[in-house]
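So that we are looking at the same thing, I have put the structure below in structure tokens.
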There are 2 protein chains.
Amino acid sequence: MGKGRVTVIDIAKAAGVSKSTVSLVLQASPLVNESTRTKVNAVMRELGYVYNRGAANLRQANARSKIIGIVVNDLTNSFFAELAVGVDTVVQSAGFVQFLSNTSESIDRQREVIASMREHGVSGLIISPARGTEAVDLKPLVMAGIPVVLVVRNIPGAKVSSLVSDNHAGTFAAVEHLAALGHSRIAFVGGFPDTAVFDERLGGYRDAMSKTGTGFQEELVVSSAPSRAGGVDALARAMAMPEPPTAAVCFNDAVAFGVCDGLRARRIEPGKDFAVVGFDDVIEAKTTVPALTTISVDPQGIGQRAAQMLLKQINAGKPEAESAVSSVRLIVRESCGAAMNKPGRRMA
Amino acid sequence: MGKGRVTVIDIAKAAGVSKSTVSLVLQASPLVNESTRTKVNAVMRELGYVYNRGAANLRQANARSKIIGIVVNDLTNSFFAELAVGVDTVVQSAGFVQFLSNTSESIDRQREVIASMREHGVSGLIISPARGTEAVDLKPLVMAGIPVVLVVRNIPGAKVSSLVSDNHAGTFAAVEHLAALGHSRIAFVGGFPDTAVFDERLGGYRDAMSKTGTGFQEELVVSSAPSRAGGVDALARAMAMPEPPTAAVCFNDAVAFGVCDGLRARRIEPGKDFAVVGFDDVIEAKTTVPALTTISVDPQGIGQRAAQMLLKQINAGKPEAESAVSSVRLIVRESCGAAMNKPGRRMA
DNA sequence: GTTAATAATTGGAACGTTCCAACTTTGTCA
DNA sequence: TGACAAAGTTGGAACGTTCCAATTATTAAC
């Protein structure tokens with residue numbers, strides 16, 4: 001009611017016990033008598049007591065707080081939103097609470113939010129680093145012994161855990177599938193060339209193309225921003241070639257959607273006259289028309305797994321860096337044309 | 001380096017001053033001599049000092065922490081992701097940090113995360129309440145004097161601030177536009193009937209329809225889950241009518257996308273043979289094919305404005321509830337057919 | 001050269017909790 | 001009855017910071 005918040009001492013007075021006893025009740029200690037416990041609990045409810053984690057956390061300097069931080073580089077991309085949801089579910093059920101911040105690919109912002117999280121005493125951090133993040137940026141965290149799990153993008157040289165998806169295997173499988181459908185001019189579309197993820201996905205594409213009859217050709221790689229608009233743009237450049245491609249492996253689903261938009265604008269029907277494969281399997285992929293054939297990476301699953309890795313490190317005491325690769329799989333839907341052309345069609 | 005974290009006292013010792021002086025430096029007080037300040041700052045950097053907000057917050061019981069909480073009911077909906085980004089930008093630049101949690105429409109979860117945020121001493125809360133939230137659920141917050149701003153969904157009887165978009169005006173404008181294009185059988189598609197937002201949007205639709213020649217007809221209201229899949233489903237029911245509609249005002253953009261999917265599956269081209277209008281103007285609305293005519297509500301803008309309302313309350317000391325309505329506007333693109341049929345076309 | 005004002009610094013108390021060691025009460029056993 | 005153990009309970013110290021009143025060093029004014 002009044003100004004001052006109600007503290008453990010107020011409860012103690014009202015219940016006729018000592019503050020220590022109240023503290024024991026708070027921690028569900030078996031030491032306290034059942035009748036005392038119920039009385040204290042009743043008083044707490046009555047007075048509207050709220051636990052002050054700040055104070056508790058201050059006292060137990062050994063154990064850290066029950067906060068875990070998650071830093072993503074683009075929350076408006078639904079991939080990251082779903083990742084955050086995945087993290088939230090496991091973190092929440094472990095009694096932690098999540099601090100989420102968005103860096104919008106800004107290194108400065110990223111430094112700020114990480115500093116802020118440290119000030120609040122996070123127990124651990126899940127980071128999808130902004131473009132251009134270097135190992136030295138994470139140095140203070142590992143020096144302080146704060147567990148960190150990098151997701152989506154790894155950073156060479158940083159001695160922290162990481163969980164990335166198997167980008168190479170994903171695009172490799174996509175090319176193999178398209179080649180099996182009879183395509184030979186398969187383009188690699190979208191993405192910024194200066195990123196590790198791009199390199200890996202391009203690598204899978206290159207290796208698979210090299211195995212085919214026509215082999216890898218540099219000109220079939222058309223980069224762009226990793227967005228829907230970027231996909232529209234890249235497709236325009238691809239179709240302007242003397243001998244345009246008949247299929248595209250896209251950097252991600254957003255690009256793939258853009259490619260479909262661009263095709264339709266040219267009166268080319270994706271999944272019929274041209275094959276499109278995405279990467280990520282975002283929620284919209286299965287409901288859009290035509291349903292997108294894509295590489296499934298299960299963002300929520302990655303979030304959950306990353307959170308589990310982090311919790312393991314937190315509980316282990318000393319952070320033991322661990323690198324994991326999340327496997328991917330090809331989900332065949334309509335945009336690659338498989339469902340329509342082939343008699344023995346595979347459906348997802 | 002070692003076990004114990006470095007504190008203000010370590011800094012004081014190393015710099016040859018008192019802890020009080022270090023504290024003053026931390027607060028950028030003008031009282032401290034310039035040379036002392038620089039020396040202290042240097043020592044802080046050298047020893048890798050990190051500020052302990054928990055301790056600071058404990059002392060200044062009057063002022064609350066620099067945390068604001070944001071609770072959304074569905075983070076995978078990009079509308080809310082963008083809203084969160086909007087909040088983040090203004091909150092961050094005011095020196096606060098944001099605690100984000102997702103309730104997935106679960107009241108229990110919502111109660112948990114709000115309790116957790118209180119324990120961490122949030123200064124204020126921005127809440128997009130889960131379905132079924134009642135005024136009594138917010139009671140403890142207003143009793144504790146914690147500023148709250150409700151967004152998207154208002155709760156009758158809760159004495160807290162709110163910021164909702166002008167749902168009535170939005171659907172009203174949509175119907176008017178479609179009527180002007182010559183449609184008379186206009187359906188209202190999607191959304192759960194037991195929500196305030198649904199009522200408001202339906203109300204705008206009903207009032208506008210009453211003004212037209214044919215008037216409002218109950219059968220043209222087809223509800224469904226407010227998702228893409230829901231849209232597909234609702235459209236199927238609408239087209240099964242003896243006299244199917246020729247246009248649809250959709251509960252939100254997700255439903256509108258589903259409606260477009262459903263139309264295509266029936267070989268009906270949205271924007272040509274059938275007019276579709278959405279609600280929200282999510283990012284994908286302008287890039288999809290056909291580009292979606294929709295009611296723009298600018299989720300990031302709402303997030304920013306909500307954050308400003310909240311900060312105002314926090315700074316004001318005593319929370320003064322304030323209700324605001326965010327205006328909306330019709331963005332005419334292709335899915336309503338206006339761009340193709342009319343000579344004097346309006347483009348957004 | 002004294003006083004007053006100003007600038008800079010400081011030690012101690014306080015915030016709300018947990019931990020520890022000590023204490024009281026009750027029961028058990030010889 | 002006394003010794004001992006077990007079960008509950010408790011006061012004080014500590015965590016890292018900020019605030020306050022008090023102190024010292026410096027400068028200004030007469």
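Numbers restart at 1 for each chain; the letters A, B, ... are given by sequence-line order, proteins then strands. Computed from heavy atoms alone, side chains included, the values below leave out hydrogens, waters and symmetry copies.
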Query - Derivation and outcome, salt bridge (charged side-chain N to carboxylate O under 4.0 Å, His left out), residues A:Arg305 and A:Asp298 - result: CA-CA 11 Å; A:Arg305 186 152 162 218; A:Asp298 183 20; over 6 Å; no
Could you write out each protein N or O paired with an N or O of nucleotides 4-6 of chain D at a distance under 3.5 Å?
none

Query raised in the report: Of all the choices, D:dT18, C:dT17, C:dC19, which nucleotide is nearest to the side chain of B:Gln60 once you look at every atom?
Result: D:dT18
Query raised in the report: At under 4.0 Å, does any side-chain N or O of B:Gln27 touch on OP1 or OP2 of D:dT17?
Result: no
Report summary line: Rounded to whole Å, the CD1-C1' distance (A:Ile9 to C:dA14) equals 11 Å
Report task. Check the distance between D:dG16's C1' and B:Arg53's CZ and give it to me in whole angstrom. Result -> 14 Å
Query - DNA chain D-proximal residues of residues 28-45 of chain B, any heavy atom under 4.0 Å - result: none
Requested in this report: May I ask you to verify if any side-chain N or O of A:Ser23 is less than 4.0 angstrom from the OP1 or OP2 atom of C:dT18?
Outcome: yes
Report summary line: From CG of B:Leu58 across to C1' of C:dC15 the rounded distance in Å is 4 Å
Query - Residues in side-chain contact (heavy atoms from CB on, under 4.5 Å) contact with B:Ala55, at least two apart in sequence or another chain - result: A:Leu58, B:Asn52
Query raised in the report: Mind checking what makes side chain to side chain donor-acceptor pair (under 3.5 Å) contact with A:Thr103, not counting sequence neighbours?
Result: none
Query raised in the report: Is any side-chain nitrogen or oxygen of B:Thr21 closer than 4.0 Å to OP1 or OP2 of C:dT10?
Result: yes
Query raised in the report: Considering residues at least two apart in sequence or located in another chain, which fulfil the side chain to side chain donor-acceptor pair (under 3.5 Å) criterion with A:Arg118?
Result: none
Query - Of residues 12-20 of chain B, the positions that come close to DNA chain C - non-hydrogen atoms, cut-off under 4.0 Å - result: B:Val17, B:Ser18, B:Lys19, B:Ser20
Query raised in the report: Looking at residues at least two apart in the chain, or sitting in another chain, which of them share a side chain to side chain donor-acceptor pair (under 3.5 Å) with B:Arg111?
Result: B:Asp108
Query raised in the report: Using rotation axes that map the C1' atoms of four end pairs onto the next four (five pairs an end), what angle separates the end axes of the helix from C:dG1-D:dC30 to C:dA30-D:dT1, to 10°?
Result: 50°
Requested in this report: Look only at the side chain of B:Arg53 and the backbone of A:His120, and say whether a donor-acceptor pair between them is shorter than 3.5 Å.
Outcome: no
Query raised in the report: Between atom CG in B:Asn57 and atom C1' in D:dC15, what is the gap in whole Å?
Result: 15 Å
Please list, one pair per line, the donor and acceptor atoms closer than 3.5 Å that link side chains of residues 69-78 of chain B to other protein atoms, with sequence neighbours excluded.
from	atom 1	to	atom 2	distance (Å)
B:Asn73	OD1	B:Ser128	OG	2.5
B:Asn73	ND2	B:Glu105	OE2	3.0
B:Asp74	OD1	B:Thr76	N	3.2
B:Asp74	OD1	B:Thr76	OG1	2.7
B:Asn77	OD1	B:Phe79	N	2.9

Query - Rounded distance (nearest 0.5 Å) linking atom CZ of A:Phe99 with atom CD1 of A:Ile126 - result: 14.5 Å
Query raised in the report: Could you state the CG-P distance from A:Leu24 to C:dC19, rounded to the nearest angstrom?
Result: 9 Å
Report task. Write down the distance between OH (B:Tyr49) and P (D:dG16), rounded to a whole number of angstrom. Result -> 10 Å
Report task. Under the side chain to side chain donor-acceptor pair (under 3.5 Å) rule, collect the residues that match up with A:Asp194, sequence neighbours excluded. Result -> none
Requested in this report: Give a yes or no on whether a donor-acceptor pair under 3.5 Å exists between the nucleobase atoms of D:dT18, that is its base, and the side chain of B:Arg59.
Outcome: yes
Query - side-chain contact (heavy atoms from CB on, under 4.5 Å) involving A:Ser104 - partner list, sequence neighbours excluded - result: A:Asn102
Query - Whether A:Asp137 side chain and A:Glu134 backbone form a donor-acceptor pair below 3.5 Å - result: yes
Query raised in the report: Are the side chain of A:Arg37 and the backbone N or O of A:Ser29 linked by a donor-acceptor pair below 3.5 Å?
Result: yes
Query raised in the report: Looking at A:Glu322 and A:Lys312, does any basic side-chain N land under 4.0 Å from a carboxylate oxygen?
Result: yes
Query raised in the report: What residues, two or more places apart in sequence or in another chain, satisfy side-chain contact (heavy atoms from CB on, under 4.5 Å) together with A:Asn33?
Result: A:Ser35, A:Thr36
